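Fair warning: this is a prediction, and the values are worked out from it, not measured in the lab. All residue numbers in this chain count up from 1 along the given sequence.
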Amino acid sequence: MNIKRPIWAALLLPLLMSAGCAGLRPAEKESQRQTIPKSMMRADGSVRVDTENEKIAELWKQAEDARLADNDPGALALIYQALELSPQNSLLWSRAAELQLDGLESAQAESFAMKSNMFAGKNNALLYRNWLIIEHARDQRGDLLGVRSAHKKVQHYQYQ
């Protein structure tokens with residue numbers, strides 16, 4: 001049984017770690033190609049991410065498997081384990097933010113996306129992804145002014 005994900009989930013850039021984690025589902029890939037600049041995408045619609053830490057890669061893979069099986073709480077628990085090993089990993093924080101947003105925990109999602117931004121450096125694709133999360137988190141809370149502010153950041157990073 002495939003549970004329908006929120007519309008914004010198709011807009012977020014998936015993260016692909018060197019452990020061979022799954023990317024976007026086929027229906028999401030097509031939507032992704034219509035909204036993400038080609039300069040930010042790989043051929044399969046994902047963003048390449050490498051890690052030398054095999055434990056983090058394995059936890060990521062397990063979390064991705066759980067997420068694809070619609071087990072967001074299990075996926076989040078695995079991401080938290082990976083964050084214990086690498087607390088400044090911007091990609092892990094971003095995935096945790098996405099999972100919190102899926103669970104309608106908008107304040108926590110925004111907080112995690114902001115934390116990811118602190119560690120993202122000049123990774124514009126990740127900054128774009130995080131600002132999308134922040135925009136949708138604010139929208140869930142009804143923060144219209146915050147949505148407008150976040151949307152400006154989304155537009156800023158969209159074409160960089």
Side-chain angles (χ1 to χ4, degrees), residues 3-17 21-25 28-29 31-32 34-37 39-41 45-49 51 56 59-160:
I3 298 175
K4 190 174 180 183
R5 285 213 175 279
I7 292 172
W8 62 264
L11 299 175
L12 296 178
L13 293 172
L15 304 175
L16 179 64
M17 295 187 87
C21 298
L24 286 175
R25 296 174 188 157
E28 292 173 87
K29 284 183 185 179
S31 174
Q32 183 92 3
Q34 296 170 5
T35 60
I36 306 297
S39 64
M40 296 172 62
M41 290 189 334
S46 64
V47 174
R48 181 170 175 79
V49 179
T51 182
I56 291 173
L59 287 167
W60 178 274
K61 182 181 181 326
Q62 291 173 10
E64 190 65 8
D65 290 344
R67 186 185 71 81
L68 291 173
D70 293 317
N71 178 6
D72 288 352
L76 192 56
L78 290 160
I79 294 296
Y80 285 156
Q81 287 179 36
L83 279 166
E84 287 179 20
L85 299 172
S86 183
Q88 294 184 357
N89 187 316
S90 59
L91 302 166
L92 293 172
W93 283 111
S94 184
R95 178 59 90 204
E98 179 186 352
L99 290 165
Q100 290 289 5
L101 196 59
D102 272 348
L104 302 178
E105 296 293 334
S106 58
Q108 192 74 354
E110 182 174 347
S111 175
F112 286 175
M114 290 293 226
K115 188 147 193 166
S116 176
N117 283 347
M118 288 184 350
F119 301 123
K122 295 188 184 285
N123 185 339
N124 288 341
L126 185 60
L127 291 164
Y128 171 74
R129 176 192 197 315
N130 289 334
W131 280 105
L132 276 174
I133 292 170
I134 292 165
E135 179 181 12
H136 290 287
R138 290 174 179 177
D139 187 48
Q140 280 182 358
R141 290 195 313 272
D143 177 2
L144 299 179
L145 194 55
V147 169
R148 181 179 284 161
S149 172
H151 187 71
K152 287 180 183 178
K153 290 288 197 175
V154 167
Q155 289 177 320
H156 172 78
Y157 288 110
Q158 186 171 10
Y159 297 107
Q160 290 197 10

Out of curiosity, W60 CH2 to R67 CZ, how far, rounded to the nearest 0.5 Å?
8.0 Å
Value for CG (N123) from CG (L91), rounded to nearest 0.5 Å, stands at 6.5 Å
For residues 75-86, dump all side-chain donor-acceptor pairs below 3.5 Å to protein atoms at least two apart in sequence or in another chain.
residue: Y80; atom: OH; partner: Q100; partner atom: NE2; Å: 2.9

Roughly how far, to the nearest 0.5 Å, is the CD1 atom of I134 from the OG atom of S106?
12.0 Å
Shortest non-hydrogen separation from I133 to A109 and the atoms involved:
CG2-O, 4.1 Å
Search all heavy atoms of E135 against all heavy atoms of V154 and return the closest pair with its distance.
OE1-CG2, 3.5 Å
For Q155, what residues pass the side-chain hydrogen bond (donor to acceptor under 3.5 Å, both in side chains) criterion, not counting sequence neighbours?
H151
Residues forming a salt bridge (Lys or Arg N to Asp or Glu O under 4.0 Å) with E110, sequence neighbours excluded
R138, R141
Measuring from L127:CG to Y157:OH, what's the distance to the nearest 0.5 Å?
4.5 Å
Distance col, row R95:CZ vs N89:CG, nearest 0.5 angstrom, shows 12.0 Å
Are E64 and K61 ion-paired here, with the side-chain N under 4.0 Å from a carboxylate O?
no
Do R129 and L126 make a side-chain contact, defined as non-hydrogen atoms from C-beta onward lying under 4.5 Å apart?
yes
Taking only distance into account, with no hydrogens and no angle test, what donor-acceptor pairs under 3.5 Å do side-chain atoms of residues 112-120 form with protein atoms, sequence neighbours excluded?
residue: S116; atom: OG; partner: S90; partner atom: O; Å: 2.6
residue: S116; atom: OG; partner: N130; partner atom: ND2; Å: 2.8
residue: N117; atom: OD1; partner: N130; partner atom: ND2; Å: 2.9

From Q140 atom CD to L104 atom CG, the distance as rounded to the nearest 0.5 Å
5.0 Å
